[in-house]
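Worth saying up front: this structure is predicted, and the values here are computed from it rather than measured. Whatever order the structure lists them in is the order used to number ligands and atoms, beginning at 1.
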Amino acid sequence: MRYFLKVYGCQMNQYDGRLIEAILGAAGHCRVDSPDRADLILINTCSVREHAETRAKGYIRMLPKGKRVGILGCLAQREGIDLIEELKVDFVLGPDCYSLLPGIIESDGPIVATNLDGELYLSIRPEPVLPVTMVTVMRGCDNYCSYCIVPYVRGNARSKPLRSVVDEVRRAVGKGAKEVLLLGQDITSYRDGDAGLAQLLEEVAVVDGLRRIRFLTSHPKGVDDKLIQVMKEINSICPHIHLPLQSGSNRILRLMKRNYTIEEYYDLVARLRREIPGIGITTDLIVGFPTETVADYEATLKAVEELRFDFAYMFKYSDRPKTEAANFKPKLSETEKIDRLKRLIRLQNEITKEKNTGRIGSEVEVLIEKRGRRGNYLGRTPDNLVVAIDGDVEIGRFYRVRLERIVGWTPVGTPI
Ligand code: 5AD
Ligand code: SF4
């Protein structure tokens with residue numbers, strides 16, 4: 001069968017897209033790059049905010065008629081059979097059920113499979129993406145932050161065995177990967193027996209030929225001395241951490257069940273910057289959480305101003321069914337949330353621009369990843385700065401680049 005696969009959502013979902021590709025490939029099906037040429041259309045969906053769901057549903061409604069359609073992923077898990085009614089699709093499969101795909105696409109009639117049975121897909125060998133490949137090391141999450149749907153749609157946290165992660169990385173590097181991005185919803189809670197994230201990083205770092213290691217997403221409560229030590233000592237571990245703050249107000253952090261105070265977060269950032277000079281720190285922020293007052297919101301602005309993140313993903317709070325926060329009142333109006341988000345984005349953008357402008361004239365190491373929309377090549381520095389290249393370079397190679405100017409927020413440089 002020829003199938004088309006569209007992926008919404010986070011890196012975890014991208015990785016799952018490659019799992020799906022491997023499962024269907026092994027059963028003899030081939031992926032095509034347009035829905036029109038496909039017999040079967042698969043959409044791997046996200047549920048993290050309502051907007052992500054609306055977009056996926058809009059896309060599904062626009063699909064060419066007369067084809068088999070399957071909804072996969074987090075929205076599939078959340079709505080199950082209701083999606084069959086609402087969108088008239090043929091099947092709905094949650095994140096732990098992809099191994100059933102080959103059988104399901106051969107049978108007719110609507111099918112729903114949404115067991116969350118702790119699947120880790122250890123026997124599936126996805127093809128690496130070059131030069132930067134993702135490797136999932138954990139699935140699910142046990143933190144139950146009060147706003148977050150993830151534990152409900154992806155189940156409880158479980159880790160892949162350390163050996164299995166190292167094997168997957170080794171295979172990817174054997175096929176040409178230069179950088180690996182290790183993935184977990186809360187990767188700082190990775191566990192295999194006595195080994196935690198720090199030990200996993202140590203073991204991955206000895207894979208021959210691997211030049212760079214990154215990992216996502218770190219929970220502030222899980223960043224310990226051991227992890228900082230390993231990041232400091234091992235050269236191939238990129239000096240970059242994605243460390244979602246979510247809010248600058250202790251009252252809101254408590255309601256979010258984040259398990260740290262703003263003071264603890266400041267201390268952690270100070271320690272990271274002291275121990276790992278030049279570390280890039282990126283974050284996630286939510287505005288308009290239920291009950292958020294102007295003072296709470298201003299605490300977030302103040303934190304952003306003082307912490308000077310290199311980059312931030314910023315969101316307005318979105319009610320998610322089943323989560324605790326869905327029951328918190330009062331809610332903020334949509335206009336209030338939009339106003340707060342706009343002002344926050346303006347502030348962080350200024351900081352990002354200032355920080356990037358400050359690097360003009362410096363030399364950095366860039367791994368070229370792909371071509372950008374303007375046709376020029378794009379790559380990343382170890383501390384996660386995205387750099388556009390003036391001139392001809394080769395994807396998958398490292399260059400010393402002198403940064404020369406800023407376009408938008410992106411530094412542009414020439415290889416030397
Ligand atoms: N509303 C808004 N943003 C959310 N996020 C998670 N759940 C919600 C929600 N209900 C954001 C958090 C998280 C990122 C992946 O998405 O900032 O870190
Ligand atoms: Fe990823 Fe969460 Fe969206 Fe699922 S709901 S795709 S885990 S961001």
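Salt bridge absent: Arg154 and Asp96 never bring a charged side-chain N and a carboxylate O closer than 4.0 Å.
At a heavy-atom distance under 4.0 Å, only side-chain atoms of Phe315, from C-beta outward, approach ligand 1.
No cation-pi contact links Arg31 to Tyr3, judged by a cut-off of 6.0 Å to the six-membered ring centre and 45° from its axis.
Within a 6.0 Å sphere centred on CG of Asn235, heavy atoms belonging to other residues, nucleotides or ligands number 12 at most. Within a 6.0 Å radius of CD in Glu85, other residues, nucleotides and ligands contribute 12 heavy atoms or fewer. Around atom NZ of Lys322, no more than 12 heavy atoms belonging to other residues, nucleotides or ligands sit under 6.0 Å away.
Within the listing of ligand 1, atoms 1 (N), 2 (C) sit less than 4.0 angstrom from a heavy atom of Tyr317. With ligand atoms numbered from 1 in the order given, ligand 1 contributes 3 (N), 4 (C), 5 (N), 12 (C), 17 (O) to contacts under 4.0 Å with heavy atoms of Ile286. Residue Gln246 has at least one heavy-atom neighbour below 4.0 Å for each of these atoms of ligand 1: 12 (C), 13 (C), 17 (O), 18 (O). Atoms of ligand 1 lying under 4.0 Å from at least one heavy atom of Val48, given by number and element, are 6 (C), 7 (N), 8 (C), 9 (C), 10 (N). Of all the atoms in ligand 1, the ones that sit under 4.0 Å from a non-hydrogen atom of Arg49 are 1 (N), 2 (C), 3 (N), 4 (C), 5 (N), 11 (C), 16 (O).
Heavy-atom proximity to atom 18 (O) of ligand 1, evaluated over Asp284, Ile149, Thr283, Val150, is greatest for Asp284.
Between Arg320 and ligand 1, a contact under 3.5 Å exists for no N or O pair.
Taking CD of Gln77 as the start and OG of Ser47 as the end, the distance is 9.5 Å to the nearest 0.5 Å.
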